[in-house]
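A short worksheet on the structure shown next.
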Protein chains: 2
Amino acid sequence: MHTQAIEDYLREIYALQERDERATTSTLAARLDVTAASVTNMFKKLAALNLVLHEPYKGVTLTPAGLKAALEVVRHHRLIELYLAEALGVPWDQVHDEAEKWEHVLSEDMEDRIDAALGYPTTSPHGAPIPTRDGTVADRPYRSLNELEPGQTVEIIEVSDRDPALLRYLGELGLYPRARLEIVSNNPYRGTVLRVNGVECTLGCDVARHIFVESVSDIPRE
Amino acid sequence: MHTQAIEDYLREIYALQERDERATTSTLAARLDVTAASVTNMFKKLAALNLVLHEPYKGVTLTPAGLKAALEVVRHHRLIELYLAEALGVPWDQVHDEAEKWEHVLSEDMEDRIDAALGYPTTSPHGAPIPTRDGTVADRPYRSLNELEPGQTVEIIEVSDRDPALLRYLGELGLYPRARLEIVSNNPYRGTVLRVNGVECTLGCDVARHIFVESVSDIPRE
DNA sequence: CGTTAAAATTAGTCTTAACTAAAAATAGCT
DNA sequence: AGCTATTTTTAGTTAAGACTAATTTTAACG
Ligand SMILES: [Mn+2]
Ligand SMILES: [Mn+2]
Ligand SMILES: [Mn+2]
Ligand SMILES: [Mn+2]
């Protein structure tokens with residue numbers, strides 16, 4: 001197992017790549033709350049360990065080995081998020097921060113026990129896919145809420161787990177994964193107006209961009 | 001919260017004092033698997049932080065502040081041991097090693113949730129008392145198995161959690177806390193012969209010394 | 001195209017907590 | 001008491017991973 005610092009960097013690099021964003025020095029610095037110089041140091045170390053490819057002044061990309069290691073951490077992280085929510089009733093806006101600490105101390109045996117206790121789940125409380133033990137992740141060809149046409153009815157697949165205040169707000173509105181909503185209007189400046197459970201509400205563009213949905217027609221209803 | 005290293009030292013110092021053993025440099029070095037020089041360094045740091053009183057060449061003693069900090073870690077440790085055993089079915093010989101890692105990442109909120117989920121328990125799977133949240137521990141005026149007279153019937157209160165192989169062996173014999181047994185004979189050289197669940201078995205002196213019991217007559221039977 | 005602002009890297013420092021090797025203190029034994 | 005073995009401490013290194021300040025590279029703009 002890698003050090004906690006390395007695991008944290010790998011997790012955040014993966015989180016960026018997962019959203020097709022570039023893993024640059026400044027982005028990592030902001031996400032991990034360290035200075036840019038510290039990130040450059042770590043980029044070099046990760047490159048020396050063959051976990052990333054470092055293109056100076058451009059950023060890093062996970063190597064196959066780095067991706068494998070990152071998915072291991074992400075699996076721990078998301079399993080723990082779900083376990084805390086299901087087994088201990090932790091609100092969904094708190095599970096991410098706790099999981100950031102727990103993910104580093106989870107042995108493979110505990111991972112398996114938690115996995116089994118949860119019934120081999122496939123998604124976190126925020127709807128993010130849980131990588132399998134051998135390191136595969138479900139594809140997510142989903143669209144953001146801010147890309148949709150008015151009139152469409154969609155189901156929420158995943159929401160960003162990074163902002164507790166936003167998660168609390170979404171929770172109040174009932175905007176959890178599997179919730180269905182209708183797009184009332186969508187405007188890049190004024191935001192997205194939607195109807196959920198009969199209630200209309202407006203979400204800013206930067207919020208709507210972090211909510212991923214699927215057209216209801218594409219989903220087989222059970 | 002203190003660093004993980006400091007928490008580990010405090011926990012082990014407490015574990016020794018709890019059994020009325022002295023916390024010396026060499027003992028800590030053996031328990032934490034570090035060199036004696038490292039322990040001396042840490043003793044100085046702990047003394048500077050007013051967590052221990054360091055008498056050079058004699059060892060350390062927890063100060064009131066050190067005891068409070070140690071009990072906080074021990075509470076986390078024992079709550080987690082019990083939680084892993086109860087909620088995830090982890091065998092009692094494995095919970096100690098896992099808890100050694102988890103104890104450092106447990107927030108107060110998770111501590112409370114685990115405490116509640118377990119119904120506010122008072123002892124770990126090994127029978128060790130769980131300190132309360134405000135830092136008090138039950139007294140344990142118990143005797144070791146190797147101090148007893150033949151013919152006595154006693155109830156196991158606590159067993160040492162430090163040796164997984166021993167715990168597995170005791171588990172096979174049914175020698176868990178609350179188990180009752182009868183002393184058949186007791187000899188400082190040949191060990192303790194006892195009868196449990198109708199089966200006779202012998203335990204070496206160094207094993208019997210780490211099993212703590214109470215006379216059955218002293219225990220109100222529910 | 002040249003100037004400037006932003007981003008990234010380099011160089012050097014600091015803290016934590018290990019380590020080895022050498023020196024000092026204590027304890028045990030005749 | 002005096003010698004010896006053990007224990008402890010001291011002194012000096014090392015590695016990880018952060019930091020600041022200075023420098024270099026890239027991007028942006030008139
Ligand atoms: Mn998360
Ligand atoms: Mn794993
Ligand atoms: Mn334990
Ligand atoms: Mn606590």
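Hydrogens, waters and symmetry mates play no part in the numbers below; they use all other heavy atoms, side chains included. Proteins come first, then strands; the chains are lettered A, B, ... in the order of their sequence lines, and each starts at number 1.
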Query raised in the report: In terms of heavy-atom contacts, does CG of Asp33(A) have more than 12 from other residues, nucleotides or ligands at under 6.0 Å?
Result: no

Report task. Using only side-chain N and O atoms of Ser26(B), determine if any of them is under 4.0 Å from OP1 or OP2 of dT6(D). Result -> no

Query raised in the report: Does a side-chain N or O from Ser38(B) land closer than 4.0 Å to OP1 or OP2 of dA18(C), or not?
Result: no

**Report entry** Below 4.0 Å: OP1/OP2 of dT23(D) and any side-chain N or O of Tyr57(A)
**Finding:** no

**Report entry** Leu46(A) CG to dA16(D) P, straight-line distance once rounded to whole Å
**Finding:** 12 Å

Query - Arg78(B) and Glu158(B) ion-paired at < 4.0 Å - result: no

Requested in this report: Check whether any side-chain N or O of Lys58(A) sits under 4.0 Å from OP1 or OP2 of dA8(C), and answer yes or no.
Outcome: no

Query raised in the report: Can Arg75(B) and Asp115(B) be counted as an ion pair, charged N to O under 4.0 angstrom?
Result: yes

Report task. Figure out the NE2/C1' separation between His2(B) and dT15(C), and round it to whole Å. Result -> 16 Å

Query raised in the report: Within this structure, what is the NZ-to-C1' distance between Lys45(B) and dA18(C), rounded to whole angstrom?
Result: 10 Å

Requested in this report: Report yes if at least one side-chain N or O of Thr25(A) is closer than 4.0 Å to OP1 or OP2 of dT9(C); otherwise report no.
Outcome: yes

Identify every side-chain donor-acceptor pair in residues 47-71 of chain B under 3.5 Å, counting partners at least two apart or on other chains, and give the distances.
{"from": "Thr63(B)", "atom 1": "OG1", "to": "Asn50(B)", "atom 2": "O", "distance (Å)": "2.7"}
{"from": "Thr63(B)", "atom 1": "OG1", "to": "Leu51(B)", "atom 2": "O", "distance (Å)": "3.1"}
{"from": "Thr63(B)", "atom 1": "OG1", "to": "Ala65(B)", "atom 2": "N", "distance (Å)": "3.4"}
{"from": "Thr63(B)", "atom 1": "OG1", "to": "Gly66(B)", "atom 2": "N", "distance (Å)": "3.0"}

Query - Rounded interatomic separation in angstrom, taking CD from Gln4(B) and P from dA16(D) - result: 17 Å

Requested in this report: Output yes when Arg162(B) and Glu12(B) qualify as a salt bridge under the 4.0 Å nitrogen-oxygen rule, no when they do not.
Outcome: yes

Report task. Measure from the side-chain heavy atoms of Ala5(B) and tell me the nearest of dA18(C), dA11(C), dT8(D). Result -> dA18(C)

Query raised in the report: With respect to the phosphate group of dC19(C), does any side-chain polar atom (N or O) of Thr35(B) fall under 4.0 Å of OP1 or OP2?
Result: yes

Query - Candidate nucleotides dA18(C), dT16(C), dA18(D), ranked by approach to the side chain of Thr3(B) - the nearest - result: dT16(C)

Requested in this report: Nearest whole angstrom, please: distance from the P of dA17(C) to the CG of Asp33(B).
Outcome: 17 Å

Report summary line: Regarding the side chain of Asn41(A), the nearest nucleotide among dA18(D), dA17(C), dT9(D) is dA18(D)

Report task. Rounded to the nearest angstrom, tell me the gap between atom CD1 in Ile6(A) and atom P in dA15(D). Result -> 15 Å

**Report entry** Phosphate contact (dT9(C) OP1 or OP2) by Lys44(A) side-chain N/O below 4.0 Å
**Finding:** no

Report summary line: Separation of dG17(D) atom P from Asp8(A) atom CG, nearest Å, is 10 Å

Query raised in the report: Of the nucleotides dT8(D), dT9(D), dA18(D), which one has an atom closest to the side chain of Pro56(B)?
Result: dT9(D)

Report task. Select base, sugar-phosphate, or nothing to describe what Phe43(B) touches, counting heavy atoms under 4.0 Å on all strands. Result -> nothing

Query - Between dT15(C) (C1') and Met42(B) (CE): distance, integer Å - result: 12 Å

Query raised in the report: How about His77(B) and His96(B): are their ring centres within less than 6.0 Å of each other?
Result: yes

Query - Contact under 4.0 Å: His54(A) side-chain N or O vs dT9(C) OP1/OP2 - result: yes

